[in-house]
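Input: a single structure, listed below in structure tokens.
Please read these numbers as outputs of a predicted model, since none were measured by experiment. Convention: sequence-line order gives letters A, B, ...; per-chain numbering from 1.
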Amino acid sequence: MEKTRIGVYVCWCGTNIAMMVDVEAVAKEMESRQNVVLARTYKYMCSDPGQDMVIRDIKEHKLNRVVIAACSPRIHENTFRKALENAGLNPYMLQMANIREQNSWVHSDRIEATRKAKSLVAGAVSRVNHHQPLNKREVPVNPASLIIGGGISGITAALELADAGKRVYLVEKESELGGIAAMLDLTSPHFYSISDSLKTLIRRIEVHQNIKVYMDSQVKQINGYVGNFNGEIKIGNKKVKNIDFGNIVVATGLKPIKPETIENYGYGVFSEVITSLDFEQVLKKGSVLNAYGIKPKNVAIIHCVGSRNEDYKPYCSRTCCMTALKYANMIRSALPEANVYQMYADMRAYGKHCEELYADTSGKNVLFLMYDQREGMPIIEKDAIGPGVLIKFNERLSGEDIEVPAELVILMTAMESGKDAKSISQMTGTSLDANGFFIEKHPKLDPVSTTTDGVYVVGSCQSPKNIPESVSQARAATANILATIAKGYVEVEVITAEVNEDICCGCQFCIQVCPYGANNYDQRKAVSSVNEALCKGCGTCGSACPSGAISTRHFTDKQILSQIEGIMAEVGSG
Amino acid sequence: MSTRINPDFKNELTHFGKDEWNECYHCGNCTAICPLSKDGFLFPRKDLRAIQMGLQDKLDASLEPWLCYYCGECSETCPRDANPAELMMTLRRYLTSRYDKSGLAKLFYTNHIWEYVVLGLMFLAIVVAFLVFLPLKTDAALMVNESGGVMINSLVEGINAERFIGIIEYGDWTMAIVIALLLVSNIVVMFYKSVLSENGIRIPFSSYFTEAWQLVWNFATQSRFSKCDDKQYWIGHLLLMTGYTIMFILVVVFLPLFQIETVEPWWHWQRLLGYYATFGILFFLTIVTIKRLQKRDVKLKYSHPSDWIFIVMLALTTISGILVHIFRLQGMVAATYYTYVIHLAILVPMLMVEVPFSKWSHLAYRPFAIYFARLKTVAAEVEKEKSHKELVPAVGS
Amino acid sequence: MEYNPTIVSFLCNWCSYTGADLAGTSRMKYASNIRVIRVMCSGRIDPTFVLKAFTEGADGVLLCGCHPGDCHYHEGNYKCLRRFHLLQKYLDQMGVDKKRIRLEWISASEGKEFAELANEFSETIKKLGKSNIKEEMKVEDKKSPESAVHRPARMGLQSTVES
Amino acid sequence: MENEVNKSKLKLAIYWGAACGGCCVSVLDVHEHLFDIVAAADLVFWPIALDIKYKDVEAMEDNFIDITLFNGAIRNSENEHMANLLRQKSNVLVAYGSCAHLGGIPGLANMSTRESLFERVYETSESTINPEKTRPQTRVEVPEGILTLPEMYDSVLALDQVVEVDYYIPGCPPTSDRLLEVFTAIVSGSQLPPKGTVIGAQEKPLCDECERKKSENKLVKRFFRPWEIEDDGETCFIEQGLICQGPATRAGCGFRCIQGNAPCRGCYGPTSDVLDPGAKMLSAIATVIDADSPEEIAKVIETIEDPVGTFYRTSLPHALLRKKLFN
């Protein structure tokens with residue numbers, strides 16, 4: 001058997017690590033560990049010269065295991081795996097020790113931080129001894145895609161893929177396509193008629209030979225893995241259709257919260273009080289009237305109804321400020337004499353041409369009144385002397401307690417994730433954040449992928465978004481999908497469970513444990529087997545296997561136990 | 001107690017100058033830059049907010065517009081070009097109209113035709129009065145004294161010099177008393193609105209006297225203009241105020257000493273004072289006229305008709321006064337008489353209209369506002385000491 | 001000087017490890033005695049790991065996974081929860097203070113919560129004092145030095161290091 | 001000493017440490033095959049059957065004995081002394097049976113201290129009258145001389161925790177068939193497996209042999225002790241809520257317990273890759289608890305009355321936590 005030869009590299013990360021950790025001492029300590037051939041430090045291991053150093057050492061010193069003590073493996077594990085690969089070593093012969101995010105950045109005692117770094121690196125050294133080469137696997141990609149949700153994002157994604165000649169299954173739970181966008185009259189900040197544009201897009205979808213639309217339908221089950229999914233669609237109330245597809249675009253969007261739950265606004269009590277989507281319907285009819293059919297002299301638009309409020313939704317619903325400004329403009333056109341009030345908590349005009357809309361609108365005799373959610377939200381009461389209601393609150397910019405009469409009150413209601421987000425996230429193996437929105441793979445660098453390969457989340461199912469953002473995301477996801485289809489194959493998870501058939505006794509503990517149905521009982525051999533294509537490598541079955549027959553590649557008992565031994569081994573101080 | 005907002009109020013204010021109240025989004029830059037602003041004293045944003053929301057009572061009680069000396073830094077810093085400095089100017093005009101219970105100030109500011117008409121009528125009245133009751137002697141050419149100057153008090157037909165100066169002095173005093181009464185009544189209203197109307201305020205009686213020096217000092221020196229970076233503005237106001245005051249005192253109080261038949265040598269104190277006053281006023285007028293026309297300096301960029309009326313009237317008064325002096329020294333009898341009549345026909349309406357009802361009044365309201373603000377601060381300090389509680393000072397000084 | 005314990009922590013890759021990384025990127029300071037071992041899912045945490053950590057000298061063991069319902073692998077964290085409860089009962093029976101092992105849910109966004117948890121658990125363990133498990137479990141070496149080197153394959157791990 | 005032994009025959013020793021004697025009996029259970037053994041080997045030491053003294057063993061040359069089958073755990077200084085002695089005198093030392101292998105049933109004494117055991121046995125047990133609280137002493141001087149007794153240790157150890165062991169034959173007791181197989185293999189001179197190997201047992205766990213019907217439906221709402229439930233005689237015990245160590249235990253016993261409708265207790269020990277069989281089984285059992293909330297889980301766990309006795313019945317001294325902590 002080839003002799004184990006380990007190279008240890010401790011990164012300074014400029015001063016990020018070196019300031020709090022004595023990197024030289026860490027490297028020196030590792031030199032004496034069993035099988036360690038060399039231990040070096042370098043300013044930036046992830047830089048090209050840093051990687052080249054590893055590659056050179058692997059070749060010159062015949063290293064066959066590498067430990068890199070640097071930042072979180074979640075950031076650079078792939079970088080260094082590639083470096084190993086470039087040096088002709090199996091990429092899995094690498095172990096990283098996280099001495100930045102979980103050490104130098106969070107501790108303030110240099111001696112302690114150095115001691116901890118030595119432990120963590122010792123753990124990695126101990127572990128890497130037991131690493132085994134793992135080989136990548138490639139599977140073909142089914143060029144068809146499933147799109148869940150027929151809003152503006154789903155429609156865009158469907159057309160992009162279909163126009164590229166790929167089969168698309170579009171599943172919409174309602175009986176009409178268009179989602180929230182279809183309920184809007186004009187867009188902000190440009191006042192385009194979105195319904196006109198949507199009609200064209202929907203017509204194209206309906207006649208497109210590559211798109212199969214399932215209306216009033218829901219996805220019931222999804223099995224498989226990137227490139228090779230299989231799903232069940234329940235159409236209407238009974239029919240179940242089984243389809244195969246290679247990628248999934250989740251575009252389930254969002255919905256407005258029920259403002260009834262926020263009692264101080266009196267929604268449902270006073271007919272003068274309506275939601276923004278109610279108002280869109282009013283606007284679509286062409287004239288601004290309140291529920292009594294009267295042209296209001298005072299129109300109040302209340303922002304952040306349920307948004308940015310710990311009691312309801314802590315996040316910003318993002319589209320309301322601009323929509324509210326749009327309303328002010330439209331009311332101003334329809335009723336030039338009316339008083340228009342914007343009751344806001346903070347005005348957010350972050351997008352292209354949005355600040356301009358704000359500036360423009362504020363010049364149109366619109367009164368902006370600020371309230372503080374923490375100090376108390378506006379309370380709507382019947383106006384004792386006027387025809388409408390009275391909105392009472394402490395106006396933050398003047399410090400005055402004021403009353404504002406209004407015959408029409410528009411609530412800019414918060415948006416929340418769709419109610420089927422939970423089940424779809426479970427079916428697709430994706431995660432939801434604390435607010436029920438889908439979590440993207442990386443919020444900055446990979447904003448439409450998810451941690452499940454082949455599943456993309458676009459549009460407002462991630463967080464409230466405006467139309468151009470949703471459209472961009474849909475196109476980004478489809479570009480990714482078309483790239484994988486063009487490539488023809490995808491690489492699938494190599495960190496999977498494996499069964500040692502010499503030990504497995506067929507007790508079948510592992511079968512039910514697997515959330516992906518990857519473990520099966522082989523009646524003929526009387527042992528369990530793992531379908532590696534389905535396995536995601538969580539390792540739960542390994543921990544449930546009483547006989548030790550199942551191990552999780554790259555996270556074997558031996559590897560983890562030796563990491564514990566390494567971490568707990570005595571280290572020199574200072 | 002909550003206040004019902006009045007969105008129509010801002011329309012009323014548009015007649016006083018600035019007519020756009022929406023640009024401000026309350027970033028607070030103006031408050032940050034304003035040399036008068038102190039912690040918790042949201043000057044000048046607070047007044048702007050009161051206008052936007054139509055909090056009229058708040059504004060009527062506000063002294064801040066008078067404390068502001070229009071350095072213009074707020075307007076220069078404003079990211080939205082909301083021009084808060086000009087807003088304060090507008091508020092000063094508005095407040096002038098609110099202190100005046102006769103309604104004339106409001107009439108003049110909101111419709112300046114009326115101001116022209118009143119000025120014109122008074123001009124005509126004085127000219128007519130002179131021509132009818134105090135006409136030029138037919139042999140006036142004889143009324144030249146031995147030094148070659150015109151004997152101004154003896155120019156009128158049928159009235160001896162003593163009688164004439166008595167009439168003029170009587171007129172002076174009448175005018176001064178009328179103006180003073182009007183101005184004082186306005187200041188009383190101002191005091192009531194800005195100080196007394198505030199609930200629970202208790203001003204220690206002694207402080208009325210101990211703080212009175214503020215009034216005199218600020219009136220005489222206009223020292224708060226010196227807080228602006230541009231010192232020229234302060235010097236201009238200082239020269240104007242001193243010159244103007246000297247002239248006013250000489251004309252009203254010491255007329256018999258001043259308007260005399262003999263011509264004193266040029267170094268005589270009377271003449272020197274007169275020259276100083278003339279120079280002071282002219283200097284100021286020249287500067288503001290040029291700058292108002294240039295429209296570069298932010299505080300002189302936005303001119304209201306009332307601003308120009310004041311400048312023009314003051315200029316005409318001064319020029320006519322200079323002409324009287326020149327004609328007199330040159331022994332030009334008729335010219336002296338007619339310019340004298342015109343001088344009075346300009347001076348009197350100017351004082352009658354400007355002092356209680358228009359632009360001039362700010363020279364009085366400003367020192368009083370500082371005085372009142374001091375009184376309020378003293379009251380607040382006493383109250384604070386009494387209760388040992390943290391109180392936000394009502395106004396800074 | 002105050003006793004400085006050693007805590008071994010098992011964090012799931014998707015939520016808790018990311019949460020701990022977030023504490024780092026947010027520069028939140030916390031106790032330095034936590035030694036983290038990354039596993040893909042809290043469902044991978046085998047009770048053997050916990051016992052091994054204790055016998056190697058850990059004073060406390062912290063297990064963290066995604067919040068219930070948020071597991072990247074759907075329900076691995078529930079498996080962890082069940083094992084944790086039975087393991088606690090076993091440890092209690094073995095005379096090990098139950099407080100030396102803790103299971104908490106830390107999401108990817110809960111950097112602050114992780115830092116607080118690390119501090120809080122570190123305090124708990126400091127109060128409990130040094131664990132005597134390693135000392136107590138040591139088998140006095142009654143064998144000859146040569147035989148001490150050799151142990152059956154299934155027992156040790158260092159011995160199986162190919163050297 | 002001059003033993004009448006045939007140099008060509010294997011020299012076999014059998015010794016018991018802290019044991020019940022069952023292992024020795026298991027040797028006799030080979031019945032008539034005992035003659036084959038005797039034909040092939042000379043028994044040079046076997047306290048239960050032969051009158052050969054310790055001093056006779058001490059007198060043997062090192063490695064004189066070819067094979068020693070050592071059964072029983074190490075509980076006292078005598079056990080330890082003999083383990084060392086036999087190690088010295090034997091070519092091949094075999095840990096024979098659960099007690100020598102992993103500590104066995106006597107190992108459960110590690111849940112008590114020596115003091116509490118003495119107190120119970122010599123003072124508080126219902127059948128004891130000992131007002132003077134007399135306890136056995138390791139050394140007592142009497143007029144006739146000095147009497148000694150072995151010193152009882154505070155905890156029970158498996159054989160390999162005291163001396164180097166060559167092979168393990170697990171079981172409580174090992175089945176006679178397995179013993180014969182091993183013996184036959186040795187006699188026939190076939191290649192011996194690597195040192196440290198468990199012999200006389202299968203590599204696969206017991207379920208591989210077990211004839212009960214197994215399925216993937218392992219979820220359990222509550223656990224039962226054998227007397228609490230009527231076993232249907234054919235379904236996997238675990239699926240019926242009975243904790244059976246079968247999946248974590250080597251096959252080789254012939255699933256005799258299960259044939260007797262009793263769940264496996266794990267006497268054959270874990271498979272070769274398992275560090276702590278109790279922890280493995282504990283993990284597997286916890287995984288199939290059919291509850292998600294902490295309260296429900298705790299409720300199900302209440303039905304596992306004695307985790308140590310359940311999961312470490314025959315392996316406690318060899319577990320990661322090999323004894324209870326008394327603080």
Side-chain angles (χ1 to χ4, degrees), chain A residues 1-4 34-35 71-75 98 100-109 112-113 115-116 119-120 123 126 129-130 422 426 429-434 439 451-452 495 513 515-516 536-544 552 554-555 557-558 560-565 567-569, chain C residues 4 6 8 10 12-15 17-18 20-49 52-53 56-58 66-67 69-76 79-80 83 107-109 115 118 134 157-158 160-163:
Chain A
M1 188 174 274
E2 195 191 9
K3 193 166 157 44
T4 302
Q34 200 182 359
N35 297 337
C71 52
S72 171
R74 291 187 59 90
I75 294 176
N98 184 347
R100 191 179 74 176
E101 279 83 350
Q102 296 183 11
N103 192 350
S104 69
W105 276 352
V106 287
H107 303 318
S108 36
D109 179 334
E112 275 304 306
R115 215 166 69 89
K116 175 170 171 177
S119 284
L120 294 176
S126 182
N129 271 296
H130 300 279
K422 181 97 216 165
Q426 282 172 352
T430 50
S431 314
L432 301 180
D433 65 17
I439 299 178
T451 48
T452 306
I495 298 174
V513 166
Y516 303 101
K536 312 272 184 214
C538 67
T540 308
C541 58
S543 300
T552 317
H554 212 56
F555 287 90
D557 281 9
K558 233 178 213 174
I560 294 170
L561 290 169
S562 61
Q563 191 175 2
I564 298 171
E565 282 178 358
I567 277 181
M568 295 309 300
Chain C
N4 198 8
T6 307
V8 172
F10 297 94
C12 85
N13 180 53
W14 304 101
C15 295
Y17 195 87
T18 315
D21 274 357
L22 179 64
T25 42
S26 321
R27 310 295 199 277
M28 291 161 176
K29 304 291 175 207
Y30 59 82
S32 61
N33 34 34
I34 294 239
R35 309 275 190 270
V36 171
I37 291 175
R38 181 168 70 130
V39 287
M40 292 309 276
C41 175
S42 55
R44 175 66 188 106
I45 303 169
D46 193 313
T48 312
F49 303 163
K52 176 74 176 172
E56 290 290 329
C66 309
H67 284 268
D70 290 341
C71 177
H72 182 76
Y73 304 102
H74 303 326
E75 47 200 23
K79 314 276 162 48
C80 182
R83 290 172 193 153
S107 79
S109 60
K134 185 180 180 182
L157 289 144
Q158 295 290 17
T160 59
V161 171
E162 298 91 20
S163 51

Query raised in the report: Hey, are the side chains of W105(A) and M28(C) touching, using non-hydrogen atoms and a 4.5 Å cut-off?
Result: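 W105(A) does not reach M28(C) side chain to side chain.
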Requested in this report: Side-chain contact test, heavy atoms from C-beta onward, threshold under 4.5 Å: evaluate it for K79(C) versus S543(A) and give yes or no.
Outcome: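 K79(C) vs S543(A): side chains apart.
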From [X] atom [atom1] to [Y] atom [atom2], the distance as rounded to the nearest 0.5 Å:
{"X": "I75(A)", "Y": "T25(C)", "atom1": "CD1", "atom2": "OG1", "answer": "7.5 Å"}
{"X": "R35(C)", "Y": "I564(A)", "atom1": "CZ", "atom2": "CD1", "answer": "14.0 Å"}
{"X": "Y30(C)", "Y": "S108(A)", "atom1": "OH", "atom2": "OG", "answer": "11.5 Å"}
{"X": "T540(A)", "Y": "D46(C)", "atom1": "OG1", "atom2": "CG", "answer": "11.0 Å"}
{"X": "R27(C)", "Y": "E101(A)", "atom1": "CZ", "atom2": "CD", "answer": "8.5 Å"}
{"X": "E112(A)", "Y": "S32(C)", "atom1": "CD", "atom2": "OG", "answer": "4.0 Å"}

Sort [X] into side chain, backbone, both or neither according to what part of it lies under 4.5 angstrom from a heavy atom of chain A.
{"X": "A31(C)", "result": "backbone"}
{"X": "F10(C)", "result": "side chain"}
{"X": "L22(C)", "result": "neither"}
{"X": "N33(C)", "result": "neither"}
{"X": "T18(C)", "result": "both"}
{"X": "S42(C)", "result": "neither"}

Query raised in the report: Can you check side chain to side chain contact (heavy atoms under 4.5 Å, CB included) on R38(C) and R74(A), steps first, answer last?
Result: CA-CA 11 Å; R38(C) 181 168 70 130; R74(A) 291 187 59 90; 4.3 Å; yes
Between [options], the one whose heavy-atom pairs under 4.5 Å with chain A are most numerous:
{"options": "A58(C), G76(C), S107(C), A118(C)", "answer": "A58(C)"}
{"options": "N13(C), V8(C), T48(C), T6(C)", "answer": "N13(C)"}
{"options": "E75(C), H72(C), H67(C)", "answer": "H72(C)"}

Query raised in the report: Can you tell me if H107(A) uses its side chain to pair, donor with acceptor, with the backbone of K29(C) under 3.5 Å?
Result: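 Absent.
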Nearest non-hydrogen partners of [X] and [Y], listed with the distance:
{"X": "V36(C)", "Y": "Q563(A)", "answer": "O-NE2, 4.5 Å"}
{"X": "V39(C)", "Y": "F555(A)", "answer": "CA-CE2, 3.9 Å"}
{"X": "A20(C)", "Y": "Q102(A)", "answer": "CB-NE2, 3.4 Å"}
{"X": "E565(A)", "Y": "K52(C)", "answer": "OE2-NZ, 2.7 Å"}
{"X": "V106(A)", "Y": "G24(C)", "answer": "CG1-CA, 3.5 Å"}

Top residue by heavy-atom pair count (under 4.5 Å) with chain C, among [options]?
{"options": "C541(A), A113(A), P73(A)", "answer": "P73(A)"}
{"options": "P515(A), G539(A), C538(A), S104(A)", "answer": "C538(A)"}
{"options": "N98(A), I439(A), D433(A)", "answer": "N98(A)"}
{"options": "G542(A), S119(A), G123(A)", "answer": "S119(A)"}

Query - Region of A544(A) that comes under 4.5 Å of a non-hydrogen atom in chain C - result: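 Contact with chain C is through both the backbone and side chain of A544(A).
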Query - Atom group of S431(A) that falls short of 4.5 Å from chain C, counting heavy atoms - result: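 Interface part for S431(A): side chain.
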Query raised in the report: Between D557(A) and R44(C), is a side chain to side chain contact (heavy atoms under 4.5 Å, CB included) present by the stated rule, with each step listed?
Result: CA-CA 10 Å; D557(A) 281 9; R44(C) 175 66 188 106; 2.6 Å; yes
Requested in this report: Check the angle between the aromatic planes of Y516(A) and H74(C) and answer parallel, tilted or perpendicular using the 30° and 60° thresholds.
Outcome: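 Y516(A) vs H74(C) ring planes: tilted.
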Query - R100(A) and D21(C) ion-paired at < 4.0 Å - result: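 Salt bridge flag = no for D21(C) with R100(A).
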